[in-house]
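Here the structure is a predicted model, which means the values were calculated and not measured.
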Amino acid sequence: MNELVKTIDELYAAFKTDAEFQAGKNNKAAGLRARKVSLELEKKLKEFRKTSLAAAAK
């Protein structure tokens, strides 16, 4: 689970950087990267929720 949290942190950092470039500098390519990372982040967050629930049930 620690590895999953680390991956989520890394994905969020990448998302935040690209989202700020899109919002602040109107960088369209950064917006594309941010949207792509957001989909990966969504999958990892769902995986975290599933893992967390399984751990709490023990």
Side-chain angles (χ1 to χ4, degrees):
M1 185 133 126
N2 290 333
E3 201 171 302
L4 181 58
V5 171
K6 183 179 176 185
T7 303
I8 290 171
D9 284 341
E10 291 169 356
L11 287 172
Y12 180 73
F15 168 78
K16 185 176 179 184
T17 301
D18 288 333
E20 287 174 353
F21 277 132
Q22 182 189 20
K25 297 183 180 182
N26 201 23
N27 186 327
K28 292 180 183 179
L32 178 64
R33 290 189 304 267
R35 289 189 298 274
K36 182 178 177 183
V37 170
S38 73
L39 293 174
E40 293 176 37
L41 190 56
E42 180 184 18
K43 290 176 188 175
K44 292 297 180 183
L45 288 170
K46 286 181 180 182
E47 185 179 336
F48 172 79
R49 184 174 187 276
K50 185 177 178 181
T51 305
S52 177
L53 287 172
K58 290 183 181 179

(request) Search all heavy atoms of Phe21 against all heavy atoms of Ala30 and return the closest pair with its distance. (result) CB-CB, 3.6 Å

(request) Indicate the atoms forming the closest heavy-atom contact of Ala19 with Ala34, along with that distance. (result) N-CB, 3.9 Å

(message) Return the CD to CD distance between Gln22 and Glu20, rounded to the nearest 0.5 Å.
(response) 11.5 Å

(request) Could I get the full list of salt bridge (charged side-chain N to carboxylate O under 4.0 Å, His left out) partners for Glu10, not counting sequence neighbours? (result) none

(request) Go through the structure and list residues passing salt bridge (charged side-chain N to carboxylate O under 4.0 Å, His left out) with Lys36, not counting sequence neighbours. (result) none

(request) Is it possible for you to say whether Leu32 and Phe15 belong to one hydrophobic cluster, with membership spreading through side-chain heavy-atom contacts below 4.5 Å? (result) no

(request) Could you tell me the separation between the OG1 atom of Thr7 and the CG atom of Leu45, rounded to the nearest 0.5 Å? (result) 11.0 Å

(message) Suppose the criterion is side chain to side chain donor-acceptor pair (under 3.5 Å): which pairs have a residue in residues 39-58, not counting sequence neighbours?
(response) none

(request) Over all heavy atoms of both residues, which pair between Phe48 and Leu4 is shortest? Give the atoms and the distance, please. (result) CA-CD2, 3.4 Å

